[in-house]
Amino acid sequence: MKVRTRYAPSPTGEPHLGNIRTALYAWLLARHHGGTFILRIEDTDQKRQVGGGVEAQMSALRWLGLEWDEGPDVGGAFGPYVQSQRLEIYAQHADRLLRNDHAYLCYCSPERLEQVRHEQQARREPPRYDRFCRSLAPEQREDFEAQGLTPVIRFKTPLSGETATHDVLRGSVVFQNDTLDDFVLVKSDGYPTYHLAAIVDDHLMEITHVIRGEEWLPSAPRHFLVYRAFGWKPPLIAHVSRILGPDRAKLSKRHGAHSVLEYREQGYLPDAVINFLALLGWSLDDHTDIISRQTLVEHFDLKRLIPNPAVFNAEKLLWMNGVYIREMDADGLAAAVRPYLEDAIGGRVDMELLGRVIPLVRERIKLLNEIVDMADFFFTDGPLAYDVATLLGKKFAGRLEDALGALDRVIGRAEAVEVWTHEALEDAIRPLAEEAGVKAGDLFGLVRVAVTGKTATPPLFETMEVLGRETTLERLRSARARLAAAAG
RNA sequence: GCCCCCGUCGUCUAGAGGCCCAGGACGCCACCCUUUCAAGGUGGAGAUCGCGGGUUCGAAUCCCGCCGGGGGCACCA
């Protein structure tokens, strides 16, 4: 059997990590079996349409490399792939249920439904539709029609017995039918609800495996009943658990980014996000954490999915991103990091220079955007922004004259360096520490701030080498001048 | 209120009766390396396997009860 899976977002906003994880599992399953991955847009709620929602979903998938084989933009043999374009199909299927006596027209107003719910709650009963229209006399119906009321179509849920659903992660989950109510299949605006549209589409599109959020588990019996009413065989359904915030509540903005697109902006790598998300509820074995996309595709298996909710561990994602950054080749990393740099300095970056900077920063950044903090001074002209206190640091605090003297000697030695390499620079400058009676690290700290404006940087002499003779000397002299000015 | 799901180190997880007085990873601590920051190396702390009963020679693993957490109960998905 050919495996066909789908990611079926409703375009009400940008996709969050939970959404994308279901997309990832669906994609992995399809790719693992050489099957088909489908993108379907579930836009059946006219009130919740958000502009750009579809584009946001697509760009998230594209960024992560979860390419789809059939979908709104690429088409396919089972289209259209946008539910609002399939209204005719749902209407026909709703009609079929009506004729089979599996559904009925309901004329109850929202006000009446609201009232019924209120009364039930007052009586401490579960709020459910009271089935008022389930057995309407023909003349009553004509009366409602005459009043110009537009009905909804409701499913005729069995009043007794039980419905067994099957979930890939949990096995059989049984529901008593008397705890279910007659849910709406088609709204009064003619649009289907999820309970009709998703079932019809999954069947018509020959979906073999449905991967969706756990929040759907309570409505699974409805879906099984609809499949049965149509005489269809349900696909295998896997309800994936939720991703929780550190407080075990719903993941929200406070816990980092909400949209996966924000992770892209911050400089997370697609492979790292994929790897991390895959491991939230799935495992390869008992010891592997870094797993390539290819390995994921080769070994992904529904059997290793677990049903318990996972708390989002932002530190681990960050660590993993660092691992992937360190594994990137130099050109790739340079290209990835470039936009962040150009954005920060407001101009074009010299790629030849960047190429020499990369080896210095690669193992010092965990996020692409950290390139700015770590290396912007390589790309800026003009005076660096730091104050004298930072320049002096702890060791030279209150010892302006000593610092001035030390800097003078550093400048002298640096000027005398013939071949501008980090080895030559270190050979020239390191001995100065002993001569000046300070620890090498303290002297280097002074020079570091002078040359970079920062206290945490890549190794000093390599930095000076890449910066070049001219810039380095200019910055050293500038620092000297500031000290002299401070000394009066 | 009713229905459903879940419950192993702080977190992600391995574990499908003896290999587990519970393994790996992130984070944390210490030491090593070291010019800062990282990266790397070594070692360490950290879980009475939610609790209580069973079953069994033997249970994290099977059964029952309880507790805790989460989700659902729309003309939203």
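Each chain gets a letter, A, B and so on, in the order the sequences are listed, and its residues count up from 1. What you are looking at is a predicted structure, and each value in this text was computed from that prediction instead of being measured.
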With 3.5 Å as the limit, what N/O pairs link the protein to nucleotides 41-50 of chain B?
none

Worksheet item: Is A/Ser283 near enough to B/A14 that one of its side-chain N or O atoms lies under 4.0 angstrom from OP1 or OP2?
Response: yes
Dump every N/O contact between nucleotides 30-34 of chain B and the protein below 3.5 Å, one line per pair.
none

Worksheet item: Mind checking whether A/Tyr324 and A/Phe276 have ring centres under 6.0 Å apart?
Response: no
Worksheet item: In chain order, what residues pass the side chain to side chain contact (heavy atoms under 4.5 Å, CB included) check against A/Arg293, with sequence neighbours excluded?
Response: A/Trp27, A/Leu66, A/Pro270, A/Asp271, A/Ile274
Worksheet entry | Whole angstrom value for the distance that separates P of B/A74 from CG of A/Leu185 | 15 Å
Mind listing the N/O atom pairs, protein and nucleotides 1-3 of chain B, below 3.5 Å?
residue: B/G1; atom: O2'; partner: A/Arg124; partner atom: O; Å: 3.0

List the atom pairs, with distances to 0.1 Å, where a side-chain N or O of residues 236-244 of chain A and a protein N or O form a donor-acceptor pair under 3.5 Å, not counting sequence neighbours.
residue: A/His239; atom: ND1; partner: A/Asp167; partner atom: OD1; Å: 2.9
residue: A/His239; atom: NE2; partner: A/Arg212; partner atom: NH1; Å: 2.8
residue: A/Ser241; atom: OG; partner: A/Asn308; partner atom: O; Å: 3.0

Practice prompt. Nearest-nucleotide wise, let me know which of A/Val186 and A/Glu215 is further upstream toward the 5' end of RNA chain B.
Written response: A/Glu215
Worksheet item: Do the side-chain N or O atoms of A/Arg304 get closer than 4.0 angstrom to the phosphate oxygens (OP1, OP2) of B/G15?
Response: yes
Item to complete: With sequence neighbours excluded, give me every side chain to side chain donor-acceptor pair (under 3.5 Å) pair touching residues 439-450 of chain A.
Response: A/Arg448-A/Thr457
Worksheet item: Which residues satisfy the salt bridge (Lys or Arg N to Asp or Glu O under 4.0 Å) test with A/Arg48, sequence neighbours excluded?
Response: A/Asp45
Item to complete: Among B/U36, B/G7, B/C76, find the nucleotide with the atom closest to the side chain of A/Thr457.
Response: B/U36
Practice prompt. Could you tell me whether A/Phe461 and A/Phe444 have their ring centroids closer than 6.0 angstrom?
Written response: yes
Response to the item:
The complete set of side chain to side chain donor-acceptor pair (under 3.5 Å) pairs with one or both residues in residues 356-367 of chain A, sequence neighbours excluded, reads A/Glu352-A/Arg356
Item to complete: Indicate, with a heavy-atom threshold strictly under 4.0 Å, whether A/Pro110 touches base, sugar-phosphate, or nothing.
Response: base
Discussion item. Can you see if the side chain of A/Arg154 gets near the phosphate of B/C75 - specifically, an N or O under 4.0 Å from OP1 or OP2?
Written reply: yes
Worksheet entry | Atom pair distance, as rounded to whole Å: CG in A/Leu279 and P in B/U11 | 17 Å
Worksheet item: Rounded to the nearest Å, what distance is computed from the CG atom of residue A/Asp43 to the C1' atom of nucleotide B/C76?
Response: 13 Å
Worksheet entry | Residue whose closest nucleotide on RNA chain B lies nearer the 5' end, A/Pro459 versus A/Lys316 | A/Lys316
Item to complete: Output every pair passing salt bridge (charged side-chain N to carboxylate O under 4.0 Å, His left out) with a member in residues 180-205 of chain A, not counting sequence neighbours, ordered by first then second residue.
Response: A/Arg6-A/Asp202, A/Arg40-A/Asp201, A/Arg40-A/Asp202, A/Arg86-A/Asp201, A/Arg131-A/Asp182, A/Arg134-A/Asp182, A/Asp181-A/Arg222
Worksheet item: Which part of the nucleic acid, if any, lies within reach of A/Pro458 when heavy atoms closer than 4.0 Å are counted: base, sugar-phosphate only, or nothing?
Response: base
Worksheet item: What's the CZ-C1' distance between A/Arg364 and B/A39, to the nearest Å?
Response: 7 Å
Worksheet, complete the sentence: In whole angstroms, the gap separating C1' of B/A74 from CD of A/Glu111 amounts to 14 Å
Item to complete: May I ask you to evaluate whether A/Thr288 reaches the phosphate of B/G24, defined as a side-chain N or O under 4.0 Å from OP1 or OP2?
Response: no
Discussion item. Please check this pair: side chain of A/Thr165 against backbone of A/Val173, looking for a donor-acceptor N/O pair closer than 3.5 Å.
Written reply: yes
Discussion item. For a quick check of understanding: with a heavy-atom distance under 4.0 Å over all strands, which category does A/Arg123 fall into, base, sugar-phosphate or nothing?
Written reply: nothing
Discussion item. Less than 4.0 angstrom between a side-chain N/O of A/Lys187 and OP1 or OP2 of B/A74, yes or no?
Written reply: no
Discussion item. Tell me the interatomic distance from A/Tyr129, atom OH, to B/C73, atom C1', rounded to whole angstroms.
Written reply: 17 Å
Worksheet item: Paired with B/U55: which nucleotide, if any, by Watson-Crick or G-U wobble criteria at under 3.5 Å for both distances?
Response: none
Discussion item. Counting only Watson-Crick pairs (N1-N3 plus N6-O4 or O6-N4) and G-U wobbles (N1-O2, O6-N3), all under 3.5 Å, who is the partner of B/C28?
Written reply: B/G44
Worksheet entry | A/Trp282: ring-ring contact (aromatic ring centres under 6.0 Å, His included) partners, not counting sequence neighbours | A/Phe300
All N/O contacts under 3.5 Å from nucleotides 16-23 of chain B to the protein, with atom names and distances to one decimal?
residue: B/G23; atom: N2; partner: A/Asp286; partner atom: O; Å: 3.1

Worksheet item: Can you tell me if the side-chain N/O atoms of A/Arg326 get under 4.0 Å from OP1 or OP2 in B/A38?
Response: no
Item to complete: Return the residues of residues 435-454 of chain A meeting this criterion: a heavy atom under 4.0 Å from some atom of RNA chain B. Order them by number, or give none.
Response: A/Gly441, A/Phe444, A/Arg448
Practice prompt. Please check the phosphate of B/C12 (OP1 and OP2 only) for any side-chain N or O of A/Arg248 closer than 4.0 Å.
Written response: yes
